[in-house]
Structures are given as structure tokens and as C-alpha cells.
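Taking it in order: structure first as C-alpha cells, then the write-up.
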Amino acid sequence: ERFLMSSSTNQFGNVAIFIKVTVVFLGLSLLFDRLMPAIFLIEQTNNSTVSSTISFIVQQPKLLTGFLVPLCLLLALWATASTLADLEKTKGFQKEVLEGISKVGANLIYAAIAAMCLVPSIETWIAGTGSSLQLHWDIEIVTIGMIGVALKMLARRAEYVQRQLDGIV
């Protein structure tokens, strides 16, 4: 059992590095994926001034909202990597690790809220097809949000238990 604990914790740092490298590549891919069509469209419409280019981009709701959910998910992955690195350093569930778990949960909740409410509402508003709050219920997004809520609750409970233990000692 002691061997399993020591060998598994040694891997946390490596996994954290792998996740952060992956986040960088995914972030660059996201940037390229979202900006290249915009650049192509701007070139095709011969928008030569800055104001006409900005006006054109604002009229394309997916160009503006396409970053929101993936960015929240990438931030959740980055927080996961940081939490694993903290776990490697502290070798236990110290305050930094619990804050990291809470941060992962918060970013997952933000991603779910963005995907369910913000993105559909902003896209509808920009397109001019409505001005009310739009909701998009999708099982994957709701699941991600609920996992985020569970992680925040677990971190909060673990912090409470740790304070109780510290009070006893």
C-alpha cells in the first residue's frame, strides 16, 4: 500500500505537465480554429478599415461566443493540472489542493452556464432574432455543470473536516 501511494504521487507532477502542455496546444488550436475563418471572411469582403472589420466581426455571433465555453473548459483543465502539482508538492489534501479542486469545479460551472445560457442568448441577441434569455439544455453540458457543483461541494466539505481535525489536534 505504501508503494502504491508513493508511485502514484510521483506521477502527479508528470500528469500535471502533460495536461498543461495539452492545454497550450488546445488553446492554440482553438485560436486558430476560430480566427482563421474570420480572417478569411474579412479578406473576402474587402473590409479595409478597422471600424468595418470590427463591425463585421460583431455581426458574426459565433466568432464572439465561440471562445467562451472552450476557454472555461481549458481553464478547468489548467486548474486540474495545478491541483495535481500542488498535490505532488504537499503529499496531502492541504488548503492549496482544496482551493484547486474548488477552482476546477467553478470553471466547470462557468462553462456549463456559458453553454446553457450565455452563448445561446448572446447569439440570439446579436442575430436579432430575440432579446430574451435563451436556454439550451444539453445532457453533456448539464453533466459538466453538475460535476463542477459536486467538486465545489467536496472541496468545501473537505476543508470543513480539515478545520475540525485541526481544532482537535
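Just so it is clear, the model here is predicted, and its values are computed rather than measured.
- By the side-chain contact (heavy atoms from CB on, under 4.5 Å) test, F67 pairs with L30, L31, R34, L35, sequence neighbours left out.
- Annotation: the span from M116 atom CE to Q134 atom CD amounts to 14.0 Å, rounded to 0.5 Å.
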Donor-acceptor contacts under 3.5 Å from residues 16-26 side chains, at least two apart:
unit_1	atom_1	unit_2	atom_2	d
K20	NZ	S82	OG	3.4
T22	OG1	F18	O	2.8

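- Residues L71 make up the rest of the hydrophobic cluster containing L75, defined by ILVMFWY side-chain heavy atoms closer than 4.5 Å, directly or through other members.
- In this structure L154 satisfies the side-chain contact (heavy atoms from CB on, under 4.5 Å) test with no other residue, sequence neighbours excluded.
- In this structure, L108 CG and L73 CG are separated by 7.0 Å, a value rounded to the nearest 0.5 Å.
- Atoms NE2 and CD, on H136 and E123 in that order, are 10.0 Å from each other to the nearest 0.5 Å.
- Looking at every heavy atom in both residues, I101 comes nearest to L151 through CG2-O, 3.7 Å.
- The heavy-atom pair separating P120 from A114 by the smallest distance is CD-O, 3.9 Å.
- The cluster map of Ile, Leu, Val, Met, Phe, Trp and Tyr, joined by side-chain heavy atoms under 4.5 Å apart, puts I122 and Y110 in different clusters.
- Nearest heavy-atom pair across V104 and A76 is CG2-O, 3.8 Å.
- Residues E96 and T90 are in side-chain contact: their nearest non-hydrogen atoms beyond the backbone lie under 4.5 Å apart.
- Taken from OH in Y160 to CG in L165, the straight-line distance is 10.5 Å, to the nearest 0.5 Å.
- Pairing each heavy atom of L135 with each of C117, the nearest pair is CD2-SG, 3.3 Å.
- Here CG of L77 is found 12.0 Å from SG of C72. Values are rounded to the nearest 0.5 Å.
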With a 3.5 Å cut-off and sequence neighbours excluded, list the donor-acceptor pairs that the side chains of residues 138-145 form with protein atoms.
unit_1	atom_1	unit_2	atom_2	d
T143	OG1	I139	O	2.6

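- Residues meeting the salt bridge (Lys or Arg N to Asp or Glu O under 4.0 Å) test with E99, sequence neighbours left out: K95.
- The minimum heavy-atom distance between L98 and A158, with the atom names listed, is CD2-CB, 3.5 Å.
- Rounded to the nearest 0.5 angstrom, N107 CG and K103 NZ are separated by 8.5 Å.
- The side chain to side chain donor-acceptor pair (under 3.5 Å) test applied to S102 returns K152, not counting sequence neighbours.
- When the side chain to side chain donor-acceptor pair (under 3.5 Å) test is applied to Q162, the partners found at least two apart in sequence or on another chain are D166.
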